[in-house]
Amino acid sequence: DLHLKDEIDTIQFGSTCKYIILSHGSFSATIGWLGFNSTIYYPEYMEDRRWHGDMFSVDPSWNKIINYLN
């Protein structure tokens with residue numbers, strides 16, 4: 001049943017996708033770090049709203065999505 005899946009199942013599923021789009025946060029970053037052979041996108045940091053460390057630009061193969069809607 002899909003409603004009984006937990007966080008581990010979510011991370012395992014997310015990390016197997018060919019294209020991964022992340023949100024900010026460590027849960028999302030973990031999916032990206034485990035996403036081998038995936039094309040990974042992450043949102044640009046908004047410095048005035050940033051609540052976490054730099055978890056996304058550590059891998060140069062990841063693609064930053066630039067926020068044009070400031």
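Only this structure's heavy atoms are used, side chains among them; waters, hydrogens and symmetry mates stay out. Please read these numbers as outputs of a predicted model, since none were measured by experiment.
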Interatomic spacing from OG1 in T39 to NZ in K18 - rounded to 0.5 Å:
7.0 Å
Using side chain to side chain contact (heavy atoms under 4.5 Å, CB included) as the criterion, list what pairs up with S38, not counting sequence neighbours.
I20, I40
Run the side chain to side chain contact (heavy atoms under 4.5 Å, CB included) test against F27 and tell me which residues pass, sequence neighbours left out.
E7, T10, I11, I31
Correct closest heavy-atom pair for F36 and W33 would be CZ-O, 4.0 Å
Side chain of S28, backbone of G25: donor and acceptor closer than 3.5 Å?
no
Please check if the side chain of T30 supplies one atom and the backbone of S26 the other of a donor-acceptor pair under 3.5 Å.
yes
Hits for side-chain hydrogen bond (donor to acceptor under 3.5 Å, both in side chains) against D59, two or more places apart or cross-chain, chain-then-number order -> S61, W62
Non-neighbouring partners of S23 that pass side-chain hydrogen bond (donor to acceptor under 3.5 Å, both in side chains), sequence neighbours left out
none
